[in-house]
Amino acid sequence: MDKNKIAETKIPPIRNGTVIDHITNGQSLNVLKILGVNESNIDSVISIGMHVPSSKGNGWKDVIKVEDRELDPNTVDKIALIAPEASISIIRDYYVAEKFKVKLEDRLIGLARCSNPNCITNKGEPVDPEFIVEEHHPPKLRCVYCDRILTNISDNLL
Ligand SMILES: Nc1ncnc2c1ncn2[C@@H]1O[C@H](COP(=O)(O)OP(=O)(O)OP(=O)(O)O)[C@@H](O)[C@H]1O
Ligand SMILES: [Mg+2]
Ligand SMILES: [Zn+2]
């Protein structure tokens with residue numbers, strides 16, 4: 001077994017659920033936040049690998065394996081914002097039943113709030129925040145309404 005496979009076997013296999021692999025090193029806690037995981041609502045096994053060796057990227061990644069859960073498209077879009085290289089594998093009966101890479105669209109509506117407090121989207125008006133994705137790796141988002149670049153993406157996810 002190569003060194004990456006050995007590192008991954010430290011995380012127990014799951015029968016059914018979702019593997020979020022190739023998460024940008026250090027971003028797994030933000031992915032957990034996107035998944036809405038907190039101390040009072042965990043009802044199935046969640047295994048987290050942080051700083052796991054990877055043959056891709058800079059050599060390190062995070063991995064999350066969630067039992068008995070599949071992700072909705074909105075959740076996958078948010079993961080793309082903080083971990084643009086992540087892959088999602090749906091596990092059924094121990095096998096990879098489906099696998100895809102997250103994808104950042106060119107225009108995002110309603111996924112994050114603008115970091116400019118004076119933006120029209122933060123004034124209680126019925127306007128959904130909307131961003132143009134100017135760069136994908138790492139994501140650079142420009143607000144359609146006030147032209148500001150979104151700072152601190154993970155703190156501004158909706
Ligand atoms: N039963 C399982 N339980 C937990 N994790 C699993 C299970 N089956 C596969 N995985 C994980 O799902 C992901 C996708 O599986 P796959 O076999 O495609 O991996 P891979 O060949 O390492 O691909 P990649 O190039 O994406 O790293 C990997 O992270 C793998 O460890
Ligand atoms: Mg792999
Ligand atoms: Zn704005």
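All ligand and atom numbering here is 1-based and tracks the order in the structure. This is a predicted model, so every value here is computed, not measured. Position 1 is the first residue of the sequence, and the numbers go up from there.
- Screening E130, E135, E134 for a side chain to side chain donor-acceptor pair (under 3.5 Å) with R142, the sole residue that qualifies is E134.
- Residue contacts with ligand 1, taken as heavy atom pairs separated by less than 4.0 Å, involve I14 via backbone and side-chain atoms alike.
- The option with the heavy atom closest to atom 6 (C) of ligand 1, from among R92, K65, E67, is K65.
- Between the side chain of D72 and the main chain of T75, a donor-acceptor pair closer than 3.5 Å is present.
- I82 and V63 are members of different hydrophobic clusters when ILVMFWY side chains are connected at heavy-atom separations under 4.5 Å.
- For the pair N41 (side chain) and G36 (backbone), a donor-acceptor distance under 3.5 Å is present.
- With hydrogens left out, the protein atom closest to atom 30 (C) of ligand 1 is E8 OE1, 3.8 Å, a heavy atom.
- With hydrogens and angles disregarded, a donor-acceptor distance shorter than 3.5 Å links the side chain of N16 to the backbone of D93.
- From the protein, the heavy atom lying nearest to atom 23 (O) of ligand 1 is K99 NZ, 2.9 Å.
- Proximity of S89 to ligand 1, defined as any heavy-atom pair under 4.0 Å, is confined to the side chain (atoms from C-beta onward).
- Salt bridge status for K33 with D155: present, with a side-chain N to carboxylate O gap under 4.0 Å.
- Evaluated by nearest non-hydrogen atom to atom 8 (N) of ligand 1, the leading choice among D93, I91, V52 is I91.
- Residue contacts with ligand 1 for R15 are absent, since no atom lies close enough (heavy atoms, distance under 4.0 Å).
- Close contacts of ligand 1 with K56, meaning ligand atoms under 4.0 Å from a residue heavy atom, involve 24 (P), 25 (O), 26 (O).
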Worked check of salt bridge (Lys or Arg N to Asp or Glu O under 4.0 Å) between E98 and R92: CA-CA 9 Å; E98 284 172 44; R92 295 193 186 118; 3.4 Å; yes
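- For the atom pair NZ (K123) and OG1 (T121), the distance works out to 10.0 Å, reported to the nearest 0.5 Å.
- Side-chain contact check for S44 and D68: no donor-acceptor pair (N or O, by modelled atom type) lies under 3.5 Å.
- Nearest to atom 17 (O) of ligand 1 among the protein's heavy atoms is V96 CG2, 4.2 Å.
- Of the protein's non-hydrogen atoms, D21 OD2, 2.7 Å is the one closest to atom 29 (O) of ligand 1.
- Listed by chain and number, the protein atoms of type N/O/S under 2.8 Å from the Zn ion (ligand 3) are C114 SG, C119 SG, C143 SG, C146 SG; waters are omitted.
- Nearest heavy atom pair, residue I14 against residue E67, reads CG2-CG, 3.2 Å.
- The two residues A112 and L150 come nearest to each other via the heavy atoms CB-CD2, 4.0 Å.
- In this structure, the protein non-hydrogen atom closest to atom 27 (O) of ligand 1 is H22 NE2, 2.8 Å.
- Judged by distance alone, the side chain of T18 and the main-chain N or O of R69 form a donor-acceptor pair under 3.5 Å.
- For atom 21 (O) of ligand 1, the nearest non-hydrogen atom of the protein is K5 NZ, 3.9 Å.
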